[in-house]
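Here the structure comes first, spelled out in structure tokens, and everything after it is commentary.
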Amino acid sequence: MIKVNNISKTFGKNEVLKNISTSINQGEVVAVIGPSGSGKSTFLRCINLLETPSAGEIWIKDTEITNPKTNKQMVRQKIGMVFQHFHLFPHMTVLENITYAPQKVNKLSKENAEKIAKNLLSKVGLLDKMDSYPNQLSGGQKQRVAIARALAMEPEIMLFDEPTSALDPEMVKEVLDVMKDLANTGMTMIIVTHEMNFAREVANRILFLDEGVLLEEQIPAIFFNQPSTVRAQEFLAKVL
Amino acid sequence: MNLDFSQIVPYIPFMLKGIGATLKFVSISILVGFILGTILALCKITNKPVLKWFAAAYTSIFRGTPLILQLMIIYFAIPQLTGYDIDGFLAAILAFGLNSAAYVSEIIRAGIMAVDHGQTEAAEALGIPYKPMMLNIILPQAIKNILPALMNEFITLTKESAIVSTIGYLDLMRRAQIVGADLYRNFEPLLVAGLIYWIMVVILTKIGSMVERRMRYSD
């Protein structure tokens with residue numbers, strides 16, 4: 001479904017991603033882990049073109065999205081993204097946050113968009129908050145709304161950029177549970193995370209990045225028990 | 001001290017008409033300045049060099065020369081060049097609107113820059129095109145933050161509007177001067193004019209804090 005061919009990304013002289021290649025199948029849940037500054041987020045942001053790779057190609061189905069002629073908006077409509085800091089629209093209610101893009105982009109009627117939104121809100125357990133404003137919500141609730149907002153566009157792929165890193169510890173679980181449910185529906189997901197237990201439990205595959213290099217690509221059972229590179233061994237020794 | 005307000009009583013209706021005249025062109029100028037200022041602000045933040053350059057040059061010129069000079073050029077000098085006899089009202093709107101746009105564009109630009117970049121990214125990630133993103137997501141947040149600065153600009157414009165008296169436009173200021181010349185007494189009409197300007201600004205300030213309060217509902 002997603003094919004990444006030798007992508008690199010440089011910011012000025014700083015080479016953040018070095019020649020990364022991988023492919024991700026439909027319905028797969030891939031966790032991207034690694035030390036901070038390893039390029040995990042940049043890698044994720046390349047997939048919906050929030051960053052443009054300096055070299056290499058990314059294919060989604062039959063479209064080379066890195067081709068300058070590709071319509072970025074069309075690509076992004078099929079890829080949902082959840083950010084570390086939620087980025088809900090603060091001047092809109094929860095319901096408006098979720099219904100805005102489906103109405104504006106997918107040209108749904110207000111009634112249809114609200115029907116979808118309410119359905120998603122009840123799935124993430126926040127139907128009673130639909131008329132609240134984002135700053136009336138807790139971090140965990142904001143993130144669940146952000147997930148519902150992304151899902152309202154009916155994406156084929158979901159990207160998560162450290163979705164629980166900005167949360168108080170007691171709120172991490174409620175967000176991870178929503179993500180787990182989503183994984184069980186067969187959604188293709190790429191998750192940048194520091195939650196090793198979650199990665200081990202939910203991911204089909206682990207990508208381990210260090211200094212912009214994809215050092216290991218392995219199923220969780222093997223990666224967490226017998227990491228093959230020294231760097232991954234050191235990293236896991238620190239975080240587990 | 002021989003203040004005598006009784007003498008200007010017959011002139012009061014004449015002076016009060018100036019309020020309407022002032023308000024009319026000030027409100028239109030504010031509107032012109034705001035719309036044009038928004039467009040200029042958007043030009044300043046694009047990555048198109050031509051638009052950026054144009055907006056920067058525009059701001060530099062209109063902020064870098066006296067407003068009264070701009071008004072004079074529009075009212076006296078342009079007719080000499082084009083032969084079109086511009087009337088005072090239109091000249092006033094043009095001068096104040098174009099001038100205000102330069103200031104407003106800087107205020108709005110700062111407001112847009114202050115909106116968290118994550119908002120743009122979130123909108124982009126949802127596939128929302130640039131125009132609705134700006135109009136419905138970025139600008140409402142920007143304007144909420146810059147409302148005090150905008151109000152300041154509108155208040156300044158209201159007061160500076162007195163400059164149109166120099167092109168003979170019958171605004172509040174000009175009428176006060178006429179009354180003063182008629183009576184050979186200047187203190188009373190000017191005091192009345194001053195009071196009216198002050199009341200207008202107070203009302204404007206009240207409206208501003210009302211709007212501000214309404215926009216804070218989401219905090």
Side-chain angles (χ1 to χ4, degrees), chain A residues 41 44-45 47-52 71-94 96-107 131-137 142 145-155 157-161 166, chain B residues 34 37-38 41-42 45-49 51 104 107-151 207-219:
Chain A
S41 285
L44 191 76
R45 291 159 59 86
I47 292 176
N48 68 349
L49 299 176
L50 282 183
E51 306 287 354
T52 316
N71 183 337
K72 284 186 190 179
Q73 274 156 29
M74 297 292 281
V75 173
R76 288 170 179 155
Q77 285 165 27
K78 290 287 146 211
I79 306 177
M81 183 156 191
V82 174
F83 299 87
Q84 181 179 355
H85 295 288
F86 331 122
H87 300 326
L88 293 177
F89 306 133
H91 58 303
M92 296 182 184
T93 63
V94 164
E96 286 163 352
N97 260 282
I98 301 174
T99 55
Y100 179 77
Q103 287 182 81
K104 262 290 169 255
V105 182
N106 290 350
K107 308 286 176 210
D131 293 320
S132 304
Y133 283 93
N135 59 3
Q136 298 169 314
L137 304 179
K142 281 183 199 169
V145 171
I147 292 172
R149 177 176 70 174
L151 290 175
M153 290 295 287
E154 298 178 331
I157 301 164
M158 283 287 284
L159 309 178
F160 294 84
D161 191 0
Chain B
F34 182 70
T38 308
L42 291 175
I45 57 162
T46 57
N47 43 20
K48 303 209 167 55
L51 293 179
V104 170
I107 297 172
I108 293 183
R109 186 184 66 88
I112 292 174
M113 305 285 272
V115 174
D116 180 6
H117 188 61
Q119 293 290 308
T120 308
E121 291 196 337
E124 282 177 351
L126 286 164
I128 298 168
Y130 183 80
K131 213 170 119 188
M133 172 182 85
M134 268 299 159
L135 230 50
N136 301 331
I137 294 170
I138 306 300
L139 279 176
Q141 296 182 54
I143 285 172
K144 188 171 125 182
N145 292 334
I146 59 177
L147 211 61
L150 274 181
M151 281 319 292
I207 295 173
S209 20
M210 225 165 67
V211 176
E212 211 173 314
R213 227 174 305 130
R214 294 199 78 179
M215 288 187 94
R216 297 254 167 250
Y217 59 86
S218 59
D219 285 355

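- Looking at heavy atoms from C-beta onward, B/Met133 lies out of side-chain contact with A/Lys104 at the 4.5 angstrom threshold.
- If you measure heavy-atom distances from B/Gln119 to chain A, the contacts under 4.5 Å come from both the backbone and the side chain.
- For A/Leu88, the part sitting under 4.5 Å from any heavy atom of chain B is the backbone (N, CA, C, O) and nothing else.
- Put simply, of B/Pro140, B/Ala123, B/Pro129, the one with the most heavy-atom pairs under 4.5 Å next to chain A is B/Pro129.
- The part of A/Phe83 that comes within reach of chain B is its side chain, from C-beta onward, which places non-hydrogen atoms under 4.5 angstrom from that chain.
- The only member of A/Arg76, A/Gln73, A/Lys72, A/Met81 that meets side-chain contact (heavy atoms from CB on, under 4.5 Å) when paired with B/Glu124 is A/Arg76.
- In this structure, the separation between NE2 on A/His87 and CG on B/Leu126 is 11.5 Å, given to the nearest 0.5 Å.
- In terms of non-hydrogen atom pairs under 4.5 Å with chain B, the most contact-rich of A/Arg149, A/His85, A/Met153 is A/Arg149.
- In this view, B/Met134 and B/Leu42, B/Ile45, B/Ile112, B/Tyr130, B/Ile138 satisfy the side chain to side chain contact (heavy atoms under 4.5 Å, CB included) rule, not counting sequence neighbours.
- Contact of A/Phe86 with chain B is not made at all, since no heavy-atom distance falls under 4.5 Å.
- Of the two parts of A/Ile79, only the backbone, made up of N, CA, C and O, holds a non-hydrogen atom closer than 4.5 Å to a non-hydrogen atom of chain B.
- Here the CZ-CG distance, from A/Phe89 to B/Asn136, works out to 10.0 Å after rounding to the nearest 0.5 Å.
- The two residues B/Gly127 and A/Val105 come nearest to each other via the heavy atoms O-CG2, 3.6 Å.
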